[in-house]
Amino acid sequence: MLLEKLRQEVYRANMELPEKNLVVYTWGNVSGIDREKGLIVIKPSGVEYEDLTPENLVIVDMNNKIVEGDLNPSSDTKTHVELYKTFPAIGGIVHTHSPHAVGWAQAGRDIPCYGTTHADYFYGSVPCTRNLTAQEVDEDYELNTGKVIAETFRERNLDPVAVPGVICHSHGPFSWGKDPAQAVYHAVVLEEVAKMAMYTITVNPQAAPAPQYIQDKHYLRKHGPNAYYGQGK
């Protein structure tokens with residue numbers, strides 16, 4: 001069986017989604033990539049989490065071809081593949097329909113950085129993509145979902161390492177990280193900051209984002225060249 005270690009990582013990451021209340025039923029998926037081999041391990045489409053095993057995960061190549069597995073891969077596979085092609089620094093991807101992030105996506109709004117919790121993990125707003133056109137949906141919905149995410153990051157000059165997630169207009173969130181576990185971590189954070197932002201504009205609809213110097217301080221103390229948060233060297 002190919003990629004046994006990565007299979008285990010992707011399996012554990014998928015099983016975190018219901019544990020962290022990010023999905024109900026089968027509304028989500030996690031993948032991981034072996035960059036050297038150019039192979040991706042991803043959840044099979046429509047399989048309940050209680051039925052998921054490392055063995056029934058599906059392996060696809062960078063051309064969306066099944067390399068190993070008896071089940072159909074996630075319907076979002078082409079989106080994952082496109083993101084791996086576009087963002088070479090990432091090693092895992094998560095897609096969910098977590099409700100607060102979806103609320104912002106359905107409103108077609110970026111999630112502003114109102115405070116330090118957000119700034120600790122996302123450098124600036126979590127961007128919302130444009131809607132796909134009818135032609136893009138008809139042509140190849142999942143592939144073009146990946147392309148519109150890439151377009152959003154390119155046009156806004158965003159670093160996918162500093163902004164490890166996005167919300168797709170009228171759809172929902174994708175997040176990523178250096179591996180599947182970190183991608184899930186960022187999915188949890190994205191949902192929490194989406195919830196906090198929703199509370200913020202409920203209390204004060206005119207609330208402004210946190211001052212840039214506060215955003216800078218909180219992001220850079222964890223991720224900057226002189227980061228000092230935690231028990232590092």
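No experiment lies behind these values; they were computed from the predicted model shown.
Checking side-chain atoms of Glu16 against main-chain N and O of Ala181 turns up no donor-acceptor pair under 3.5 Å. The main-chain N or O of Asp140 is found under 3.5 Å from a side-chain atom of Asn144 such that the two form a donor-acceptor pair. Side-chain N or O atoms of Arg7 include one that pairs as donor or acceptor with a backbone N or O of Pro54 at under 3.5 Å. No donor-acceptor distance shorter than 3.5 angstrom exists from the side chain of Glu191 to the backbone of Leu22, with no hydrogens or angles considered. Between the side chain of Gln182 and the main chain of Lys178, a donor-acceptor pair closer than 3.5 Å is present. The backbone N or O of Thr79 sits nowhere less than 3.5 Å from a side-chain atom of Asp76 that would complete a donor-acceptor pair. Side chain of Thr53 to backbone of Asn56: a donor-acceptor contact under 3.5 angstrom is found.
How far NE2 of His218 is from SG of Cys113: 9.5 Å, rounded to the nearest 0.5 Å. Interatomic distance, CG of Leu6 versus CD of Glu4, reported as 11.5 Å (0.5 Å rounding). Put simply, OG1 on Thr77 and CD1 on Ile93 are 10.0 Å apart, with the number rounded to the nearest 0.5 Å. Put simply, CG on Asp61 and CD on Glu68 are 13.0 Å apart, with the number rounded to the nearest 0.5 Å. How far CG of Leu132 is from CD of Glu142: 10.0 Å, rounded to the nearest 0.5 Å. Asn204 contributes atom CG, which lies 8.5 Å from atom OH of Tyr114 (distance to the nearest 0.5 angstrom).
Grouping the Ile, Leu, Val, Met, Phe, Trp and Tyr side chains by contacts below 4.5 angstrom, directly or via other members, places Leu190 apart from Val161. When hydrophobic clusters are built by joining Ile, Leu, Val, Met, Phe, Trp and Tyr residues whose side-chain heavy atoms come closer than 4.5 Å, directly or via intermediates, Met62 is grouped together with Val41. There is no path of hydrophobic side-chain contacts, each under 4.5 Å, that joins Val163 to Met196. Residues Leu39 and Trp176 share a hydrophobic cluster, clusters being chains of Ile/Leu/Val/Met/Phe/Trp/Tyr side chains in contact below 4.5 Å. Cluster annotation: Phe122 is not connected to Tyr199 through the hydrophobic network of ILVMFWY side chains, with a link wherever side-chain heavy atoms come within less than 4.5 Å.
Scanning all heavy atoms of the two residues, the minimum distance from Ala183 to Ser175 falls at O-OG, 3.0 Å. Between Leu52 and Tyr11, the shortest heavy-atom contact is O-CE1, 3.3 Å. Pairing each heavy atom of Pro73 with each of Ile66, the nearest pair is CD-CD1, 3.6 Å. In this structure, Gly172 and Val102 approach most closely via the heavy-atom pair CA-CG2, 4.0 Å.
With respect to the salt-bridge test (charged N to carboxylate O, under 4.0 angstrom), the residues Glu192 and Lys195 qualify. A salt bridge is defined here as a Lys NZ or Arg NE, NH1 or NH2 lying under 4.0 Å from an Asp or Glu carboxylate O, and Lys5 with Glu9 meets this definition. The pair Arg130-Glu151 meets the salt-bridge criterion, with a side-chain N (NZ, NE, NH1 or NH2) lying under 4.0 Å from an Asp/Glu carboxylate O. A salt bridge links Asp110 and Arg156; the closest N-O separation between the charged side-chain nitrogens and carboxylate oxygens is under 4.0 Å.
Side chains of Ser98 and Val23 form no contact here, defined as non-hydrogen atoms less than 4.5 Å apart. Within the 4.5 Å cutoff, the side chain of Val184 has heavy atoms near those of the Val30 side chain. Side chains of Ile90 and Arg35 form a contact here, defined as non-hydrogen atoms less than 4.5 Å apart. Within the 4.5 Å cutoff, side-chain heavy atoms of His118 are placed close to those of Ile111. The closest side-chain heavy-atom distance from Tyr121 to Pro164 is not below 4.5 Å. With a 4.5 Å cut-off on side-chain heavy atoms, Cys168 and Thr145 count as touching. Inter-residue side-chain proximity for Trp104 and Pro112 is flagged as met; some heavy-atom pair is nearer than 4.5 Å. Within the 4.5 Å cutoff, the side chain of Tyr229 has no heavy atoms near those of the Asp120 side chain.
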Criterion side-chain contact (heavy atoms from CB on, under 4.5 Å) on Thr96 and Leu17, from CA distance to verdict: CA-CA 8 Å; Thr96 75; Leu17 299 187; 4.3 Å; yes
Lys37 and Leu3: CA distance, side-chain angles, deciding distance, side-chain contact (heavy atoms from CB on, under 4.5 Å) verdict: CA-CA 10 Å; Lys37 293 183 172 65; Leu3 304 179; 3.7 Å; yes
Verdict with supporting geometry, Val60 and Val67, side-chain contact (heavy atoms from CB on, under 4.5 Å): CA-CA 5 Å; Val60 301; Val67 174; 5.7 Å; no
Test log, rule side-chain hydrogen bond (donor to acceptor under 3.5 Å, both in side chains), inputs Ser31 and Tyr84: CA-CA 10 Å; Ser31 71; Tyr84 285 127; 2.7 Å; yes
Full working for side-chain contact (heavy atoms from CB on, under 4.5 Å) between Leu83 and Ile149: CA-CA 8 Å; Leu83 293 178; Ile149 293 170; 3.6 Å; yes
Donor-acceptor pairs are to be reported for all side-chain atoms of residues 43-51 against protein atoms at under 3.5 Å, with residues two or more places apart or in another chain.
residue, atom, partner, partner atom, Å
Lys43, NZ, Val47, O, 2.7
Tyr49, OH, Gly28, O, 2.8

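Using modelled atom types, one finds a donor on one side chain and an acceptor on the other under 3.5 Å when comparing Asn131 with Ser170. If you check the side chains of His80 and Asn29, you find a donor sitting under 3.5 Å from an acceptor.
Remark: Tyr123 pairs with Tyr219 by the ring pair (Phe, Tyr, Trp, His ring centres under 6.0 Å) rule, at least two apart or across chains.
Taking the six-membered ring where tryptophan is involved, the planes of Phe174 and His95 are essentially parallel, since the angle between them stays under 30° and well short of 60°.
Heavy-atom contacts from other residues, nucleotides or ligands closer than 6.0 Å to NZ of Lys217 number 12 or fewer.
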